[in-house]
Amino acid sequence: MASYWLLKSEPDEFSIADLEARKTEPWTGVRNYLARNHLRAMAQDDLFFFYHSSCPVPGIAGIGKIAQTAVPDPTQFDPESDYFDAKSSLELPRWSSVLTQFQAAAEPLIPLDLLRTQAEALDSFALLQRGNRLSVLPVTPKQWQHIYNLCNWRTAKLPVKRSKSREIGVQ
DNA sequence: GCCAACGTTGGC
DNA sequence: GCCAACGTTGGC
């Protein structure tokens, strides 16, 4: 039985459009123990809401899936990385990352404002709680279903279609 | 840019 | 093990 999650990212850094373009992307840079433990609890094919934070309109921007379960986050070993952790070691890696895969884009994005109006149906969704800063959150099936029904989901960019009429120079 | 919330660090 | 100081997150 698959579990559901929510992952936050600043779209300036990495957005749902970036994930769609890249197809898959390692989710690195999580440096909070509770968030890390959530990453480690993820199973292959679990689904997550892709949340855009710290931007003009924060909200849920898409859906991804966990393509590969947790491995040591390589950025913790890289002195050049912002996420380098001198206290971590190859023998005892402190931080984990999962491989994420694009599933769908929210059309339109579900703003945090809208989610707040659904607070009752979403019970005590941690995302809506004051002062919440955790970047990896569990989502219950009920919360997932409710949020899922709030917008349409576009699963992939339509292939660029070459119109016949254009090829033969009509209109 | 402000500020509330909260995790982490480090002195004791 | 307490707690003050500090840093970070993220909405507004």
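This one's a predicted model, so the numbers in the text were calculated from it and none came from an experiment. Numbers restart at 1 for each chain; the letters A, B, ... are given by sequence-line order, proteins then strands.
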Original post:
Which residues satisfy the side chain to side chain contact (heavy atoms under 4.5 Å, CB included) test with A:Phe14, sequence neighbours excluded?
Top reply: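 Expected list: A:Ser9, A:Asp18, A:Leu19, A:Arg22, A:Glu25, A:Trp27, A:Phe50.
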Original post:
With sequence neighbours excluded, what pairs up with A:Glu10 under the side chain to side chain donor-acceptor pair (under 3.5 Å) test?
Top reply: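 For A:Glu10, no residue satisfies side chain to side chain donor-acceptor pair (under 3.5 Å) once neighbours in sequence are set aside.
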**OP:** Could you list the residues that satisfy side chain to side chain donor-acceptor pair (under 3.5 Å) with A:Thr24, not counting sequence neighbours?
**Re:**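 Here no residue qualifies.
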Subject >> Where A:Ser88 and A:Pro93 come nearest, the two heavy atoms and their spacing >> reply: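 Answer, listing the atom of A:Ser88 first, then A:Pro93: OG-CA, 3.6 Å.
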Original post:
Can you name the closest pair of heavy atoms from A:Ala61 and A:Leu109 and give their distance?
Top reply: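 Taking every non-hydrogen atom into account, CB-CD1, 3.7 Å.
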Subject >> DNA chain B-proximal residues of residues 47-62 of chain A, any heavy atom under 4.0 Å >> reply: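 The stretch gives none, as no residue of it lies under 4.0 Å from the strand.
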Original post:
So which of residues 31-39 of chain A are in contact with DNA chain B, with a heavy-atom cut-off of under 4.0 Å?
Top reply: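 Nucleic-acid contacts, sorted: A:Asn32, A:Tyr33.
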**OP:** Taking salt bridge (charged side-chain N to carboxylate O under 4.0 Å, His left out) as the test, write out the residues that go with A:Arg40, two or more places apart.
**Re:**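 Result, salt bridge (charged side-chain N to carboxylate O under 4.0 Å, His left out) vs A:Arg40: none returned.
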Subject >> Contacts of type salt bridge (charged side-chain N to carboxylate O under 4.0 Å, His left out), residue A:Glu107, not counting sequence neighbours >> reply: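 If we apply the salt bridge (charged side-chain N to carboxylate O under 4.0 Å, His left out) test to A:Glu107, skipping adjacent residues, the hits are A:Arg154.
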Less than 3.5 Å apart, which donor and acceptor atoms pair up between the side chains of residues 42-49 of chain A and the rest of the protein, not counting sequence neighbours?
| residue | atom | partner | partner atom | Å |
| --- | --- | --- | --- | --- |
| A:Gln44 | NE2 | A:Ala67 | O | 3.1 |
| A:Asp46 | OD1 | A:Ser3 | N | 2.9 |
| A:Asp46 | OD2 | A:Trp5 | NE1 | 2.9 |
| A:Asp46 | OD2 | A:Ala43 | N | 2.9 |

Original post:
What residue pairs, at least two apart or across chains, pass ring-ring contact (aromatic ring centres under 6.0 Å, His included) with a residue in residues 87-107 of chain A?
Top reply: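 Of all non-adjacent pairs touching residues 87-107 of chain A, those that pass ring-ring contact (aromatic ring centres under 6.0 Å, His included) are A:Tyr33-A:Trp95.
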**OP:** Report yes or no: does A:His52 contribute a side-chain atom to a donor-acceptor pair with the main-chain N or O of A:Asp12 at less than 3.5 Å?
**Re:**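 Absent.
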Compile the donor-acceptor pairs under 3.5 Å between side chains in residues 122-137 of chain A and protein atoms, sequence neighbours left out, one pair per line.
| residue | atom | partner | partner atom | Å |
| --- | --- | --- | --- | --- |
| A:Asp123 | OD2 | A:Lys142 | NZ | 3.3 |
| A:Gln129 | NE2 | A:Ser124 | O | 3.0 |
| A:Asn132 | OD1 | A:Leu134 | N | 3.3 |

**OP:** Indicate yes or no: does A:Asp73 engage A:Arg36 in a salt bridge with an N to O separation below 4.0 Å.
**Re:**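 No salt bridge links A:Asp73 with A:Arg36.
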Original post:
From the 5' end of DNA chain C to its 3' end, which nucleotides mark the outer limits of contact with chain A, defined by a 4.0 Å heavy-atom distance cut-off (strictly under)?
Top reply: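 Range of nucleotides touched by chain A: C:dG7 to C:dC12.
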Original post:
To the nearest 10 degrees, what angle separates the axes at the start and end of the helix from B:dG1-C:dC12 to B:dC12-C:dG1, five pairs each?
Top reply: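 Answer rounded to 10°: the end axes differ by 10°.
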